[in-house]
Structures are given as C-alpha cells and as structure tokens.
Amino acid sequence: MKVKYNPHIIETRWQDFWEEKKTFKVSEDDDRKKYYLLEMFPYPSGKIHMGHVRNYTIGDVAARYKKMRGFNVLHPMGWDSFGLPAENAAIEHGIHPSVWTNQNIEVMRSQLKRMGFSYDWDREISTCEPKYYRWEQLFFLWMYEKGLAYKKGGSVNWCPKCKTVLANEQVEGGLCWRCGSEVTEKQLDQWFFRITAYAEELLEYCDKLPGWPEKVLTMQKNWIGKSYGCEIIFPMEDGSEPIKVFTTRQDTIYGATFMLVAAEHPLTMKLVQGTPREEEVRAFVEKVKKQDKLIRTSDYYEKEGIFLGAYCHNPVTGWKMPIYAANFVLADYGTGCVMAVPTHDQRDFEFAKKYDLPLVVVIQNPDDALDAETMTEAYVDEGILVNSGPFDGRPNLQALEDIAEYLESIGRGKKTVQYRLRDWGISRQRYWGAPIPVINCDECGAVPVHESDLPVVLPMDIEFSSEGGSPLERVASFVNCECPSCGRPAKRETDTMDTFVESSWYFDRFCSPDYNEKPGLDRKKVGYWMPVDQYIGGIEHAILHLLYARFFTKMLRDFGVLGIDEPFTNLLTQGMVCKETTRCPRHGYLYPDEVKEGACSRCGEKIVIGKTEKMSKSLKNVVDPSHLIDEYGADTARLFCLFASPPEKDLEWSDQGVEGSFRFLNRVWRIVQEYLEDIREVSPFDEEREPKDPASRELRKKYHQTVKKVTRDIEDRFHFNTAISAVMELVNRLYQVPRPERDDLEALSIIRKAIETIVILLNPIVPHITEELWRMMGGEGLLAESAWPSYDEEAAREEEITIVIQVQGKVRGKIQAAADESEEVIREKALADEKVRKHLEGKEIIKVICVPGRLVNIVAK
RNA sequence: GCCUGGGUGGCGGAAAUGGUAGACGCAAGGGACUUAAAAUCCCUCGAAGUUUGACUUCGUGCGGGUUCGAUUCCCGCCCCAGGUACCA
C-alpha cells in the first residue's frame with residue numbers, strides 16, 4: 001500500500017521531534033571544529049516576508065550541510081526589535097510599540113518554526129530588552145571616556161508642524177509624509193560615534209577579507225573614500241583668520257580665482273555679521289537649508305551663491321579672490337570651503353559664468369588649445385600646465401606632488417589625507433530605541449550615567465501626543481534626575497540610539513546570550529565561536545550595517561572584550577526578492593490580496609501596476625509565505641526559493657514555478673514508494689567492485705557524478721539551483737532505468753544507493769520529507785545528524801566524451817572519443833569527418849587548434 | 001548626480017579559468033492512460049529560411065574592438081536594480 005505525500009503531517013511531526021530532542025542545540029566543544037553561521041536577524045515588522053524566507057533558507061541549507069560535514073554548528077536567531085515602524089504603529093493605531101513589537105515577534109517566531117529552520121532557539125535575543133541594550137549603554141560609557149562618543153551640532157530634517165525629526169524616508173519631495181508641511185533643515189546637538197578614528201584600519205582590512213564579495217569591498221572602500229591631497233591656506237584680505245581648503249587638485253591652484261563657502265558653514269554668517277549684507281545672506285542661507293541635500297549637489301541643479309563682501313588672497317598668485325557662499329558646497333566634507341577653479345571644474349565654471357567671475361586657463365589641452373574667453377565648459381582632462389609660474393610646461397598630474405611640496409615650503413599648505421567617511425550620528429529624537437546613558441546638567445554639561453546605574457531603562461508609560469515631539473520628553477519620572485557629578489537637579493538625555501548600534505554587536509551576544517556579568521559577553525564563549533564563519537544577508541546592507549559592525553568589532557577589541565579584528569570571515573550577499581507594485585489611485589499602494597481582478601478590492605477603482613522593486617512593507621508588494629506553506633508545505637517553499645535563482649542574484653517573484661517544486665518532491669516521494677518493498681531488506685551497494693550490468697554501471701556513475709556536482713555547488717559557491725538540477729537529473733535517470741527483477745540483488749543495491757543518495761543530498765534543502773523517507777527506508781538515526789556522502793572520482797569519470805569539430809570557429813561535426821585519446825588520433829578523426837571535409841573543400845588548411853577533451857578548430861583559407 | 005552590480009528563449013535560469021549557447025524547471029502544444037477529469041507518463045519547443053536533408057543563416061541589451069574562437073576580455077552607449085550616511 002503506497003502512502004501519499006502529505007507535507008503538513010510530516011512537517012509538524014519532524015519539527016516537534018527536533019524541538020523535543022533539541023537536535024540543534026549547541027555548546028562549545030573543543031574536540032570539534034566550530035562553524036558559526038549567521039543570517040542577518042529580522043526587524044519584527046509583522047509577518048515573515050519572502051526576503052526572510054529566502055535569506056533564512058539559504059542559511060539553513062548551509063548550516064545543515066556543515067553539520068553533516070561534521071562541524072559544531074552555531075546557528076542562532078533573534079530580533080532587531082527597536083525601530084521606527086513600531087512608533088508609526090503607535091501613532092497610527094494607538095498601540096504601544098512594545099506590544100506591537102512583541103506581538104509581531106510571536107507571529108514571526110512561529111512562522112520561522114513552520115519553515116523548519118535549524119536554529120538553536122535557546123539563544124534567541126531581542127534587542128529592545130534592557131538585558132540586551134544595557135551592555136551597549138556600557139559600551140557607550142567606555143566610548144565616551146575614550147572620546148569615541150561625543151556631541152556636536154548636526155543637521156536634521158525637521159517638520160515644523162509635527163515638531164519632529166524626519167527620516168529621509170519620511171520626506172517625500174521636500175514635504176513631510178504625514179502632514180505635507182515643508183521640511184526644513186535644523187541644527188541640533190547630536191551624539192556621534194568617532195568611526196573616523198578607525199577609517200584607516202577599516203580601509204586597510206578591505207584587502208584582508210578574501211571571503212567577501214569584491215563588490216562589497218569596493219563599495220566600502222569608495223564609501224571610506226581616502227584621497228590624498230593638500231590643505232591650502234588662503235590669507236584674508238583684512239588679516240583675520242585665514243581660510244583653509246582641502247583639495248585633491250592643487251595642480252590647479254594658479255587658476256583659483258574665487259572662494260566658495262558652504263552656506264551653512266559658520267564662516268558665512270561670521271563674515272557678514274553687522275554688515276549691510278547680513279539680512280540678505282541670512283535669507284539665502286535659510287533658503288539653502290530648505291533644499292534637499294541630495295538634489296543640492298547634483299550636477300543639474302542650479303548653482304547659486306551670494307557674495308559675502310570679503311576677499312582672500314591666492315597664496316601663489318596673490319590675486320584678490322572674492323568670497324561667496326554657495327548652495328552646492330557641503331559643510332561636512334573637507335573644511336566646508338572650496339577654492340574655485342572655474343576653468344577646470346564644471347560646477348565652478350557654471351558659477352563663474354553666472355556671477356561673472358574671472359577665468360584663467362592653467363591646464364592646456366594638447367589637442368585643442370583652450371581660450372578662457374570662448375570656452376563653453378570646464379576642461380577636466382589631463383594637460384600641460386600654463387600660467388603656473390615655475391610649473392609651466394609640465395604635465396599636470398606629474399606636478400601634483402611638487403606643487404604640494406612647494407606650498408608646504410612657502411608655509412601655505414601641507415599634504416594631507418582626507419576621508420569621505422563621516423562620523424556616525426547615532427542620536428535619534430525618538431522613543432523606541434535604547435536610551436543614551438547621559439544626564440544633562442546646567443552646571444556640568446553632559447555627564448555620563450554611572451556604570452552602576454545601568455541600565456537606563458526605557459519607560460513604558462508613555463503617550464504619543466498629536467502635537468508631535470518625542471514622548472520621552474514628557475515622561476517626568478524619566479527626565480528629571482540628579483546630576484551624577486554635582487548632585488543638583490538635571491535632565492536626562494531623551495535622544496535614543498540609532499538601531500544600527502544594536503545590530504553592530506548582536507552576533508557577539510549570540511555566543512553567550514544569557515551572560516549577565518560585565519561586559520555582557522563571556523570572553524571564553526565568544527572566543528570559541530567568533531568570528532562568524534559565514535554571514536548571509538541582503539545586499540542592501542553592503543555599506544552601513546557591515547561597516548558599523550566592523551567598526552564595533554575593532555573597538556570592542558581595543559576595549560579588551562574581543563580577540564578578533566573582523567567579525568565576518570565569509571560574506572554572502574543575497575539579492576533581493578522583488579515584485580511589481582500595485583497602486584490604487586484612491587488608496588495608494590495595495591497588498592496583492594487587496595487586488596481583485598485588476599481592481600482595488602475596497603473601491604473597485606482600476607489599479608496601476610508600478611515598477612518592480614524590492615519587496616517592502618512600505619510598497620506593500622509583498623507575498624505572504626504563510627499561504628505558500630499552507631498550500632504546499634515548507635519543503636516546497638524552501639525548494640522553490642533555492643531553485644528559482646542563485647542566492648546573490650535578485651529574484652523576481654512569480655507565482656508560477658512553485659507548483660513545479662511541489663511536483664518534484666512528489667516525484668521523489670513516489671520513486672521511493674515504488675521501490676520500498678524491493679529495497680527495504682537490501683543494503684546499499686558496497687562500491688567494492690564494478691557492477692556487471694551496464695544499466696547499473698551507468699546508474700552508479702550518475703550518482704557519483706551527482707554527489708560530486710552537488711558537493712561542489714554547495715561548498716564552493718552556494719549555488720543551490722544547479723545542485724538541485726543535478727539531483728533532478730538523477731531522479732529522472734532513476735525513472736528511466738528498467739526495473740530490476742526482485743532477485744537481482746546487485747541491481748537493487750545500486751537502486752537503493754541511488755535513492756539514498758537523492759534523499760541525503762536533498763536533506764539540507766528539504767529536511768522534512770527526506771527525514772520521513774529515510775525512516776521509511778529503514779535508515780539509521782536522524783539524517784540531520786548523518787554524514788554527507790562522499791564520491792569516487794574514478795567511478796564518476798566518463799570514459800567516452802564528445803569532441804566538437806569546428807571549421808572557421810563554427811561547429812560542423814561531433815565525434816565520440818575515449819577520454820584519454822591522443823591528440824593525433826582526434827585530429828585525424830576530425831579531418832576524416834564527412835561534413836568537415838565538405839566544408840573544407842577547395843580550401844587550404846592553415847591551422848588546426850586542439851583543445852584536449854573539448855574541441856578541434858580547423859582554420860582554412 | 002555619485003558609488004556598486006546586472007541585462008541570455010514566452011518565463012526563472014545553465015554554461016569555473018575565452019572552447020558545443022539554452023542544462024534543470026515553468027508555461028505552451030501534441031500524444032498515452034481514463035467513461036470523464038485530475039494526477040501520472042511519453043514527445044515537441046530560440047528565430048528565420050528551404051533543395052524538408054542528420055541542411056543553411058542569424059541569435060546572449062545596443063555599437064565597435066582583441067582572438068582561430070567572445071554570454072565570458074577591452075572601449076563607448078542604453079536600460080534596470082541596490083546604496084547614498086535618520087527605513088532596516
């Protein structure tokens with residue numbers, strides 16, 4: 001009697017079994033090699049989405065595979081549970097962020113369990129718990145002590161109506177997403193982490209991470225943006241404090257004809273203070289502050305500026321240079337001041353033309369001489385220096401170094417290194433985050449909380465008012481406190497930390513999740529497990545999260561908490577799961593199940609199909625994996641995610657194809673049922689001799705080839721899609737093999753071996769069905785705890801291969817040859833081929849190229 | 001704008017290192033089984049041409065180049081995606 005494949009019964013049974021037996025619980029074991037596999041933990045936004053399913057399935061296959069290879073595998077899961085959406089839910093639906101978050105965690109945990117992931121659930125952490133964030137408050141205190149955490153003015157997006165800071169995401173076309181008011185730039189005192197202190201090391205180690213994708217390292221290097229240049233000093237006309245600029249183009253110094261200052265730079269207002277221009281300039285600065293930073297620096301944006309009524313001098317030519325405030329100069333890069341060389345910088349050129357400022361060519365185009373009077377755009381290519389005093393006639397790039405030295409020699413500059421990387425602003429004027437452990441005292445300023453007073457617990461009794469602002473500010477019991485330094489009444493800091501802080505060290509915490517002694521990380525356990533051997537997560541985190549996590553690791557190392565330089569040895573950045581967006585003209589973005597036959601289910605209005613973008617809650621273009629599991633089971637969901645595309649590529653969602661994965665599992669199920677009676681008492685082929693029957697020999701070769709291919713695909717590059725196709729081929733082969741007689745024990749033992757191979761190879765991918773089949777076949781123990789199969793190179797080898805024969809690079813024939821056939825024989829056979837001779841008729845053979853084991857190419861005239 | 005990737009049949013994708021383009025799967029069409037349907041099994045499936053041959057030509061976003069040979073390497077362009085420092 002054959003049993004039907006019923007995924008739901010099977011999956012529940014095995015999930016309960018693993019949970020009860022604690023199959024995936026791990027502890028330190030010095031006798032085994034450890035393997036720490038980590039997927040980026042999720043933000044508990046509500047439900048699991050396909051991006052999670054994909055990410056965690058990839059990780060689970062790798063974790064189960066490594067376990068089968070004998071590693072002691074740490075595979076934990078937790079929640080990145082502070083963040084903005086919880087606060088939005090509070091404002092929109094009146095639900096407390098902690099309630100909302102914990103409800104979501106409940107739902108998502110049960111969803112993950114339904115997927116059959118091999119987590120050690122005893123290590124679960126949630127970053128919004130005081131027992132987690134208390135340690136990062138401790139790290140903050142240490143950072144403060146070392147000057148790695150500091151306070152300075154920074155600009156934020158400010159909605160005057162909501163009286164709140166807006167995330168860039170909440171600014172839509174310069175307007176507040178909630179009330180539509182115009183968003184302005186506001187200066188606020190903010191806390192920063194001095195990541196720039198580690199800029200050089202972060203950059204240097206980019207070349208010491210061979211397990212990371214090249215593209216991620218390139219992005220990080222560019223983000224850090226080290227450039228060698230020159231700081232040049234421009235004396236002021238009136239003898240006041242000179243202006244310093246940073247430039248990488250000191251070769252153009254002789255062409256600098258005016259000076260530009262960022263509008264929001266303090267110098268701007270300082271220069272015009274008390275002059276008739278003050279009001280006019282202030283208006284300009286206010287206007288610039290309202291402009292979006294992104295747009296401001298784009299090439300097409302109208303360059304605007306205002307004369308500040310002051311002059312400085314070019315240190316090499318002595319020219320009097322007018323000083324302008326400009327909208328396209330950034331205050332926080334370099335010194336916030338730029339020497340303008342209109343002839344060789346397009347932005348400066350446009351600015352000079354607009355305000356009628358002088359142009360002097362200093363790099364001459366060797367092919368087409370430039371004339372400052374007639375040029376229509378800046379010349380930004382290489383050339384020969386002119387009008388450049390002692391440097392005339394030299395190629396500009398070669399003179400860079402000498403000009404820097406010359407400036408140094410006359411005391412007007414020095415060679416410097418500049419990084420694009422800025423310090424990490426961690427202040428958030430929001431409620432749902434870890435409190436910054438600082439007390440603000442009128443007398444003593446910002447005073448750190450005593451270590452013994454940690455954690456500073458986020459109060460739960462809060463109210464979100466319609467007037468906006470941070471609810472923390474209104475909790476008197478939280479805000480009012482004593483200054484730890486002088487004891488006078490003081491106010492607690494109400495800024496909370498950026499949620500990237502939590503995700504910068506959670507991987508350390510997983511090693512000792514319940515350790516409650518200072519510093520929250522058990523040195524011995526962390527020493528055993530760290531670094532993470534394989535980290536897996538979305539490519540969208542390529543810069544920020546990964547850079548911050550690297551920074552924290554180095555810093556905690558310097559605090560003596562960790563013994564490693566880098567947190568992640570190998571990194572796999574999976575592509576995103578994308579889907580087209582659907583939008584109702586009246587109700588905005590719609591979830592797929594709010595669309596009924598191309599119309600909005602609420603109002604019946606025809607929907608607009610938008611661009612394909614990464615699945616995200618804000619765009620509502622998400623597919624609920626629960627439906628998938630309900631209909632086909634977790635194994636099908638897992639198989640589909642892996643089979644649809646290789647992990648690093650984006651996956652465009654389509655409902656088609658899931659059916660095929662389910663069909664394949666049924667095929668596997670049925671072939672086992674088919675042979676179950678015949679092979680139950682037969683042991684798998686012992687591999688000690690060649691089988692006699694040719695069909696058995698072929699099948700044996702095929703399963704050795706399959707083990708080889710699957711092992712390589714998983715081990716080398718996590719290409720599960722091709723690994724799965726290889727197993728599919730073996731399954732197809734098995735269906736084609738004529739059924740052996742019931743007493744043909746050798747043939748049956750080969751069949752058994754082939755079936756076992758399929759079941760074992762598929763186990764990390766579809767663990768439930770394979771575990772069930774294994775037990776039905778009378779296999780010993782748990783597959784999850786079994787060894788990965790090995791293959792015999794000799795048995796996998798093809799003895800006959802196809803050689804392609806080309807004439808002029810075009811395929812004209814194919815021949816069969818023994819794998820070790822000599823080149824001469826193959827060449828002979830190739831030239832003897834009838835079709836090849838036809839194509840060579842009347843031609844003279846010039847050259848014959850032989851690629852062993854592949855092809856012969858005959859070049860003729 | 002800037003930085004980083006990507007673009008292959010109707011669709012998802014496959015082809016370490018330059019060497020048979022399209023493995024495997026989906027969809028589609030045809031057939032078998034069935035009273036019928038589902039399920040299952042088998043066959044066809046890049047395009048065009050025609051002397052209907054186991055043939056020829058074209059074909060990996062577009063335009064050039066290197067090479068006996070290019071999806072793969074180089075140059076230029078177009079389009080798509082991610083990041084762009086307060087979404088995570």
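Quick note on labels: first sequence line is chain A, next is B, and so on, each numbered from 1. Just so it is clear, the structure is predicted and the values come from calculations on it, not from any experiment.
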Which nucleotide sits closest to the side chain of [X]: [options]?
| X | options | answer |
| --- | --- | --- |
| Arg667(A) | U20(B), C86(B), C41(B) | C41(B) |
| Arg717(A) | A15(B), C68(B), A88(B) | A15(B) |
| Met219(A) | C24(B), G82(B), A88(B) | G82(B) |
| Asn857(A) | G83(B), G19(B), A27(B) | G19(B) |
| Ala167(A) | C87(B), G13(B), C24(B) | C87(B) |
| Ile849(A) | U56(B), A85(B), G19(B) | G19(B) |

Under 4.0 Å between any heavy atoms, over every strand shown, what does Gly425(A) touch: base, sugar-phosphate, or nothing? Just pick one. sugar-phosphate

Pick base, sugar-phosphate or nothing for Val804(A), based on heavy-atom distances below 4.0 Å to the nucleic acid. base

d([atom1], [X]; [atom2], [N]) in whole Å:
| X | N | atom1 | atom2 | answer |
| --- | --- | --- | --- | --- |
| Glu214(A) | C3(B) | CD | P | 17 Å |
| Arg670(A) | U40(B) | CZ | P | 6 Å |
| Phe640(A) | G25(B) | CZ | C1' | 10 Å |
| Met576(A) | G6(B) | CE | P | 13 Å |
| Asp80(A) | C86(B) | CG | C1' | 15 Å |
| Glu648(A) | A81(B) | CD | C1' | 15 Å |
| Ile543(A) | A85(B) | CD1 | P | 10 Å |

Among Pro85(A), Ser45(A), Pro44(A), Pro42(A), find the residue that satisfies the side-chain contact (heavy atoms from CB on, under 4.5 Å) test when tested with Asn104(A). Pro44(A)

Side chain [X] and base [N] donor-acceptor under 3.5 Å:
| X | N | value |
| --- | --- | --- |
| Asn222(A) | C3(B) | no |
| Gln190(A) | C86(B) | yes |
| Gln429(A) | C86(B) | yes |

With under 30° as parallel and over 60° as perpendicular, where do the rings of [X] and [Y] fit, or are they tilted in between?
| X | Y | value |
| --- | --- | --- |
| Tyr506(A) | Phe41(A) | parallel |
| Tyr56(A) | His52(A) | parallel |
| His541(A) | Phe500(A) | perpendicular |

Only pairs with both distances under 3.5 Å count, Watson-Crick or wobble alike; so what is the partner of [N] in this structure?
| N | value |
| --- | --- |
| A15(B) | none |
| G49(B) | C55(B) |
| G29(B) | C43(B) |
| G5(B) | C80(B) |
| U35(B) | none |

Could you give the distance separating C33(B) and C41(B) at their C1' atoms, to the nearest angstrom? 8 Å

If we take the C1' atom in both G13(B) and G25(B), what is their distance in whole Å? 8 Å

Residue met sooner reading RNA chain B from 5', once Tyr43(A) and Ser725(A) are mapped to nucleotides: Ser725(A)

Can you check whether Tyr535(A) and Trp212(A) have ring centres sitting under 6.0 Å from each other? no

Any carboxylate oxygen within less than 4.0 angstrom of a Lys/Arg side-chain nitrogen, looking at Arg670(A) and Glu674(A)? no

